[in-house]
Colleague: 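My structure is below; once you've seen it, I'll send some questions.
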2 protein chains.
Amino acid sequence: MTSLDPGSHRCVELSQHLRWIGDRWTLPIVVTLQPGARRFNELRRAVPGISQQMLTRTLRALERDGLVCREVYPTTPPKVEYRLTSMGASLAAQGRELGGWVESHLASLTASRAAFDAKAEEED
Amino acid sequence: MTSLDPGSHRCVELSQHLRWIGDRWTLPIVVTLQPGARRFNELRRAVPGISQQMLTRTLRALERDGLVCREVYPTTPPKVEYRLTSMGASLAAQGRELGGWVESHLASLTASRAAFDAKAEEED
DNA sequence: CGGCATCCTAGCCGATACTG
DNA sequence: CAGTATCGGCTAGGATGCCG
């Protein structure tokens with residue numbers, strides 16, 4: 001990945017496409033879909049705290065990006081399943097790695113913040 | 001990383017801490033600092049498009065998180081250098097991996113979006 | 001040179017209500 | 001069950017101007 005070398009500023013462009021990582025729900029949803037297809041409300045229950053609307057929006061965005069596949073069964077009541085595409089699955093793997101990094105550094109991160117804030121406060 | 005297994009919803013919590021990765025400038029800055037220390041305006045020039053304020057803010061946040069170290073030389077004119085801590089360096093590595101993923105899937109992503117939008121439009 | 005303070009806008013995100 | 005529509009708050013982030 002030579003275009004990510006320092007000096008190449010492709011990373012500025014690429015970071016635009018990484019913004020969905022920062023949003024609240026993309027990664028949780030993708031990781032939740034890793035084991036297999038899930039129905040809408042099933043997914044909703046599986047991702048605690050998400051609103052119906054954000055689930056819809058995030059799923060649409062993922063579908064648009066070809067990371068998630070939406071399948072509608074025209075039964076009554078309607079049944080809609082979501083599953084990862086192969087690209088989505090590879091993203092999930094990346095997401096888990098990233099989560100692993102955060103998890104293993106979370107303690108240091110928190111400690112560092114506390115120290116920084118304490119120092120800032122004592123200077124007042 | 002068992003706590004990232006589907007079924008564990010730690011990922012919801014962790015995703016909170018991933019938000020700063022999704023912001024526009026964190027990754028570009030961290031990657032730019034990979035080769036070694038840089039001065040403020042040097043960094044500013046090296047990261048095209050960043051405003052002075054966002055550079056300041058992002059660097060402060062990185063410093064607070066213990067990812068970047070700030071060193072002031074009390075000369076005239078003042079000189080300030082920023083360099084990655086070891087934790088910052090490991091984040092840079094993660095960032096490059098992530099960037100690599102995006103880069104290698106960017107074409108598919110873009111194509112998928114175009115197809116999705118075209119289909120949505122024809123349905124009007 | 002290397003900042004900080006202020007103002008402003010766009011878009012994320014949540015809550016609520018309604019539909020096939 | 002699986003959405004869509006609407007409203008509104010919060011905040012990331014850009015522009016500008018001042019300071020040591």
Side-chain angles (χ1 to χ4, degrees), chain A residues 12-13 15-29 32-33 37-65 68-83 116-117 119-121 123-124, chain B residues 12-13 15-30 32-33 37-65 68-83 116 120 123-124:
Chain A
V12 174
E13 178 196 331
S15 82
Q16 303 295 326
H17 299 279
L18 286 170
R19 304 205 58 180
W20 45 263
I21 290 187
D23 79 41
R24 219 177 174 77
W25 303 113
T26 299
L27 244 27
I29 289 177
T32 302
L33 283 176
R38 295 282 200 128
R39 298 184 55 176
F40 184 87
N41 277 320
E42 194 182 355
L43 204 46
R44 184 172 148 90
R45 281 185 299 272
V47 181
I50 194 170
S51 70
Q52 191 180 41
Q53 181 149 112
M54 284 317 295
L55 181 54
T56 300
R57 287 184 191 173
T58 310
L59 284 171
R60 283 292 166 279
L62 288 170
E63 188 192 358
R64 189 172 106 99
D65 285 351
V68 153
C69 177
R70 179 173 180 264
E71 208 142 5
V72 183
Y73 301 84
T75 59
T76 47
K79 173 180 169 181
V80 181
E81 274 190 351
Y82 295 89
R83 58 181 169 74
F116 186 93
D117 294 347
K119 192 167 186 178
E121 201 155 330
E123 283 171 6
D124 289 341
Chain B
V12 174
E13 179 197 330
S15 81
Q16 304 294 326
H17 298 279
L18 286 169
R19 305 205 57 180
W20 46 267
I21 293 186
D23 77 42
R24 220 178 172 79
W25 304 112
T26 298
L27 246 25
I29 289 176
V30 166
T32 302
L33 283 176
R38 296 280 200 126
R39 299 184 55 175
F40 185 87
N41 276 320
E42 192 181 358
L43 204 46
R44 184 176 149 97
R45 280 185 298 273
V47 180
I50 196 170
S51 70
Q52 191 181 43
Q53 180 147 105
M54 284 317 296
L55 181 55
T56 300
R57 286 185 193 175
T58 308
L59 284 171
R60 282 293 165 276
L62 289 170
E63 188 192 359
R64 188 172 106 100
D65 286 351
V68 153
C69 179
R70 177 173 181 265
E71 210 143 3
V72 184
Y73 302 85
T75 57
T76 50
K79 171 179 170 183
V80 182
E81 273 189 353
Y82 295 89
R83 57 181 169 76
F116 185 93
E123 281 169 6
D124 287 341

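These numbers come from a predicted model, not from an experiment.
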Colleague: Taking atom P of D:dA12 as reference, at what distance in whole Å does atom CD of A:Gln16 sit?
Modeller: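 Checked: the CD to P distance equals 16 Å.
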
Colleague: Atom CE of B:Met54 and atom C1' of C:dG2: how far apart are they, to the nearest Å?
Modeller: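 Between C1' of C:dG2 and CE of B:Met54: 17 Å.
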
Colleague: Would B:Val47 and B:Leu55 count as a side-chain contact (heavy atoms from CB on, under 4.5 Å) here? Give the steps.
Modeller: CA-CA 9 Å; B:Val47 180; B:Leu55 181 55; 5.7 Å; no

Colleague: Once you round it to whole Å, what is the distance between P of C:dC12 and CG of A:Asp23?
Modeller: 9 Å

Colleague: Send over the distance from B:Arg57 CZ to D:dG13 C1', rounded to a whole Å.
Modeller: 6 Å

Colleague: Reading DNA chain D from 5' onward, which residue's closest nucleotide shows up sooner: A:Arg19 or A:Leu59?
Modeller: A:Leu59

Colleague: Excluding sequence neighbours, so at least two apart, what forms side chain to side chain contact (heavy atoms under 4.5 Å, CB included) with B:Arg70?
Modeller: B:Arg60, B:Glu63, B:Val72, B:Val80, B:Tyr82

Colleague: B:Ser51 side chain: which of D:dG14, C:dG14, C:dG2 is closest?
Modeller: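 Minimum distance to the B:Ser51 side chain belongs to D:dG14.
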
Colleague: Check whether any side-chain nitrogen or oxygen of B:Arg60 sits under 4.0 Å from OP1 or OP2 of C:dG2, and answer yes or no.
Modeller: no

Colleague: Mind calculating the distance between CD1 (A:Ile50) and P (C:dG14) to the nearest angstrom?
Modeller: 7 Å

Colleague: Any chance you could measure B:Met54, atom CE, to B:Ile29, atom CD1, to the nearest 0.5 Å?
Modeller: 8.0 Å

Colleague: Report the distance from atom OG1 of A:Thr26 to atom CD1 of A:Ile21, rounding to the nearest 0.5 Å.
Modeller: 8.5 Å

Colleague: Could you please spell out the steps behind the side-chain contact (heavy atoms from CB on, under 4.5 Å) verdict for B:Arg19 and A:Arg24?
Modeller: CA-CA 7 Å; B:Arg19 305 205 57 180; A:Arg24 219 177 174 77; 3.9 Å; yes

Colleague: Please state whether the phosphate of D:dT11, meaning OP1 or OP2, lies under 4.0 angstrom from any side-chain nitrogen or oxygen of B:Trp20.
Modeller: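 For B:Trp20, the contact criterion (side-chain N or O under 4.0 Å from OP1 or OP2 of D:dT11) is not met.
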
Colleague: Measure from CG on A:Leu43 to C1' on D:dG3 and round the result to the nearest Å.
Modeller: 14 Å

Colleague: Any side-chain N or O of A:Tyr82 less than 4.0 Å from the OP1 or OP2 oxygen of D:dC1?
Modeller: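 A:Tyr82 to D:dC1 OP1/OP2: no side-chain N or O under 4.0 Å.
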
Colleague: Per the atom types in the model, does the base of C:dG3 pair as donor or acceptor with the side chain of B:Gln52 at under 3.5 Å?
Modeller: yes

Colleague: Do any side-chain nitrogens or oxygens of B:Arg39 fall under 4.0 Å of OP1 or OP2 in C:dG2?
Modeller: yes

Colleague: Mind calculating the distance between CH2 (B:Trp25) and C1' (D:dA12) to the nearest angstrom?
Modeller: 13 Å

Colleague: Nearest to the B:Val80 side chain among C:dT16, C:dG3, D:dG20, which nucleotide is it?
Modeller: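 Closest of the options to the side chain of B:Val80: C:dG3.
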
Colleague: Side chain of B:Pro78 only, please: which of D:dG20, D:dT16, D:dC1 is the nearest?
Modeller: D:dG20

Colleague: Taking only the side-chain nitrogens and oxygens of B:Arg44, find out if one of them lies under 4.0 Å from OP1 or OP2 of C:dG2.
Modeller: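 Answer no for this pair, as no side-chain N or O of B:Arg44 is under 4.0 Å from OP1 or OP2.
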
Colleague: Whole angstroms only, please: what is the NZ-C1' distance between B:Lys79 and C:dG3?
Modeller: 17 Å

Colleague: Considering only D:dG14, C:dG14, D:dT4, which nucleotide approaches the side chain of B:Arg24 most closely?
Modeller: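 In terms of side-chain proximity for B:Arg24, the closest of D:dG14, C:dG14, D:dT4 is D:dG14.
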
